[in-house]
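These numbers come from a predicted model, not from an experiment. Every chain is numbered from 1, with letters handed out A, B, ... down the list of sequences.
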Amino acid sequence: MSFSVASWNVNSIKARLPNVADWLKAHGPDVACLQEIKCLDEAFPREAFEDLGYNVETVGQKTYNGVALISKRPIEEVALRALPGGEDDDQARYIECVVGTDSGAARVASLYLPNGNPAPGPKFDYKLAWMKRLRDHADALLAYEEPTILAGDYNVIPREVDVHDPEAWADDALFRPESRDAFSAIKWLGWADAFEQVDGRADQYTFWDYQRGAWPKNHGIRIDHLLVSPQAADRLKSVEIDRDARGAEKASDHAPITATFDL
DNA sequence: ATGGTAGTACAACTA
């Protein structure tokens, strides 16, 4: 039995609907975790996805942020519409659902971790605080001993080999030691980076800036990740980054990344 | 060292 989960920062679902719909028709993952939908829940084009066979859950926000989780499998429960511990945090960055699989169920989250630039500063402080909340929640989730996939735009470059020019990014919030250490600390709780688990090659990017010809020059970074619990890691079959989606007309600056499980 | 692009929304912010 096959169960696939994709993560894609679409950079506005309204601007990207043709790209996303075409991609879903061609690839059809069981679950797609979308980030930066940049619209309120009522403005999300849910019918377009329902017509493709997806159930739709969103945590939207006007202009910025916003996440969606769409699933061909039944959504048995919307477990969370925000990351715990953020009483004064009104940014739409997290949704967590339980979806049915052929072998039972899987827990899947779509998350959009704060960018954090410029660093240092209040935005960087917010990023690190959000990562601490994510760590605490990720630790709690492991106790369920379920197949769990935390998919999203983490805005963290984990390794030197995940950026075309490490020196140029040294002071960036996406590559600073504090960000990388916080990401590493989550993994050391017992989570695996799906890409590193099955591939781990250097120079495999998921984001290329619109500026400075980053895409044609392949000046990219790997910041979109699927962290998987042991019960999902044991069933992980493959991971694919779809660069073709980044090369399309009117593309998002992120490429989708898909993990496939024997679940 | 600056500016280059894209999206939202119509000025300026985010990335």
Side-chain angles (χ1 to χ4, degrees), chain A residues 7-23 33-46 48 58-68 83 86 89-94 110-131 134 151-158 162-176 178-180 182-183 205-225 241-257:
Chain A
S7 181
W8 195 2
N9 180 322
V10 297
N11 186 17
S12 169
I13 194 58
K14 277 183 260 183
R16 214 67 59 209
L17 185 56
N19 302 57
V20 178
D22 287 349
W23 189 82
C33 299
L34 309 177
Q35 300 88 35
E36 282 207 270
I37 62 173
K38 292 188 172 179
C39 65
L40 294 168
D41 292 334
E42 53 266 37
F44 189 87
R46 79 167 36 237
T58 61
V59 174
Q61 179 179 340
K62 194 176 167 69
T63 309
Y64 302 119
N65 311 316
V67 290
L83 189 62
D89 181 1
D90 57 0
Q91 299 189 20
R93 296 181 176 276
Y94 191 88
S110 175
L111 68 90
Y112 178 46
L113 204 148
N115 176 294
N117 278 306
K123 291 187 177 176
F124 192 55
D125 295 341
Y126 172 65
K127 176 180 196 156
L128 295 179
W130 206 93
M131 294 188 82
L134 180 61
D153 177 358
Y154 280 75
N155 271 314
V156 175
I157 302 164
D162 297 318
V163 49
H164 75 281
D165 184 356
E167 288 181 10
W169 286 79
D171 296 325
D172 193 282
L174 280 61
F175 195 51
R176 286 176 66 105
E178 300 95 320
S179 306
R180 294 165 65 189
F183 185 68
Y205 309 133
T206 64
F207 170 89
W208 298 258
D209 202 291
Y210 288 123
Q211 303 181 64
R212 296 175 292 259
W215 168 247
K217 290 190 266 192
N218 195 28
H219 289 178
I221 54 177
R222 187 171 69 88
I223 57 172
D224 298 272
H225 311 299
I241 299 167
D242 185 10
R243 294 172 53 98
D244 292 344
R246 179 61 181 86
E249 278 296 303
K250 292 274 290 173
S252 167
D253 40 7
H254 294 251
I257 175 170

**Q** May I have the distance from His254(A) (atom NE2) to dT5(B) (atom P), rounded to whole angstrom?
**A**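 Interatomic distance, NE2 of His254(A) to P of dT5(B): 19 Å.
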
**Q** Look at the side-chain N and O atoms of Arg16(A) and state whether any lies under 4.0 Å from the OP1 or OP2 oxygen of dA6(B).
**A**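 Indeed not, no polar side-chain atom of Arg16(A) lies that close.
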
**Q** So, do Leu174(A) and Asn115(A) sit near enough that their side-chain heavy atoms are less than 4.5 Å apart?
**A**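 Side chain of Leu174(A) against side chain of Asn115(A), heavy atoms only: contact under 4.5 Å found.
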
**Q** What's the CG-C1' distance between Leu40(A) and dT8(B), to the nearest Å?
**A**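 Computing the Leu40(A):CG to dT8(B):C1' distance gives 12 Å.
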
**Q** OP1 or OP2 of dA9(B) less than 4.0 angstrom from a side-chain nitrogen or oxygen of Lys62(A), does that happen here?
**A**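 Answer is yes, contact under 4.0 Å.
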
**Q** Would you tell me if any nitrogen or oxygen in the side chain of Lys38(A) comes within less than 4.0 Å of OP1 or OP2 on dA15(B)?
**A**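 No, Lys38(A) has no side-chain N/O under 4.0 Å of OP1/OP2 on dA15(B).
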
**Q** Please state how far atom CD in Glu36(A) lies from atom P in dG7(B), giving the value in whole angstrom units.
**A**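 It is 11 Å, rounded to the nearest whole Å.
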
**Q** When the distance from CZ of Phe124(A) to P of dT14(B) is rounded to whole Å, what number comes out?
**A**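 Phe124(A) atom CZ is separated from dT14(B) atom P by 17 Å.
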
**Q** Please tell me which of Gly116(A) and Asp209(A) maps to the more 5' nucleotide of DNA chain B, matching each residue to the nucleotide holding its nearest heavy atom.
**A**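 So the residue in question is Asp209(A).
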
**Q** Do the side-chain N or O atoms of Thr63(A) get closer than 4.0 angstrom to the phosphate oxygens (OP1, OP2) of dA9(B)?
**A**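 Checking dA9(B) against Thr63(A), a side-chain N or O does come within under 4.0 Å of OP1 or OP2.
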
**Q** Distance between the P atoms of dC10(B) and dT5(B), in whole angstroms?
**A**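 My reading of the P atoms in dC10(B) and dT5(B) gives 23 Å.
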
**Q** Could you tell me how far apart Glu249(A) (CD) and dA6(B) (P) are, to the nearest whole angstrom?
**A**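 After rounding, the reported distance stands at 10 Å.
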
**Q** Locate the shortest heavy-atom distance separating Val156(A) from His225(A); write the atom from each residue and the value.
**A**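 What the structure gives for the nearest pair is O-NE2, 2.9 Å.
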
**Q** Taking for each residue the nucleotide of DNA chain B bearing the nearest heavy atom, is the 5' side occupied by Asn11(A) or by Gln211(A)?
**A**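 Its nearest nucleotide being more 5', the pick is Gln211(A).
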
**Q** Would you kindly give the CG-to-C1' distance between Asn65(A) and dC13(B), to the nearest whole Å?
**A**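 It is 12 Å, rounded to the nearest whole Å.
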
**Q** I'd like the C1' distance from dA9(B) over to dT14(B), given in whole Å.
**A**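 Nearest-Å result for dT14(B) against dA9(B) at atom C1': 13 Å.
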
**Q** Considering only the P atoms, how many Å lie between dA6(B) and dT2(B), rounded to the nearest integer?
**A**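 Pairwise P distance, dA6(B) against dT2(B), rounds to 23 Å.
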
**Q** If only side-chain N and O atoms count, and only distance matters, is there a donor-acceptor pair under 3.5 Å linking Glu36(A) with Ser12(A)?
**A**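 No.
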
**Q** Quick check on side chain to side chain contact (heavy atoms under 4.5 Å, CB included): which of Ile223(A), Val10(A), Asn11(A) does His254(A) satisfy it with?
**A**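 The single option meeting the side chain to side chain contact (heavy atoms under 4.5 Å, CB included) with His254(A) is Ile223(A).
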
**Q** What's the OH-C1' distance between Tyr210(A) and dG3(B), to the nearest Å?
**A**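 From Tyr210(A) OH to dG3(B) C1': 18 Å.
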
**Q** From CG of Leu113(A) over to C1' of dT14(B), roughly how many Å is that when rounded to an integer?
**A**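 It is 16 Å, rounded to the nearest whole Å.
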
**Q** Base, sugar-phosphate or nothing for Phe207(A)? Non-hydrogen atoms, less than 4.0 Å.
**A**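 Here Phe207(A) touches no strand at all.
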
**Q** When you measure from the centre of the six-membered ring of Phe207(A), is the NZ or CZ of Arg222(A) closer than 6.0 Å and no more than 45° off the axis?
**A**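 Cation-pi check for Arg222(A) and Phe207(A): fails.
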
**Q** Using atom C1' in both nucleotides, what's the gap between dA15(B) and dG3(B) to the nearest angstrom?
**A**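 Their C1' atoms lie roughly 15 Å apart.
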
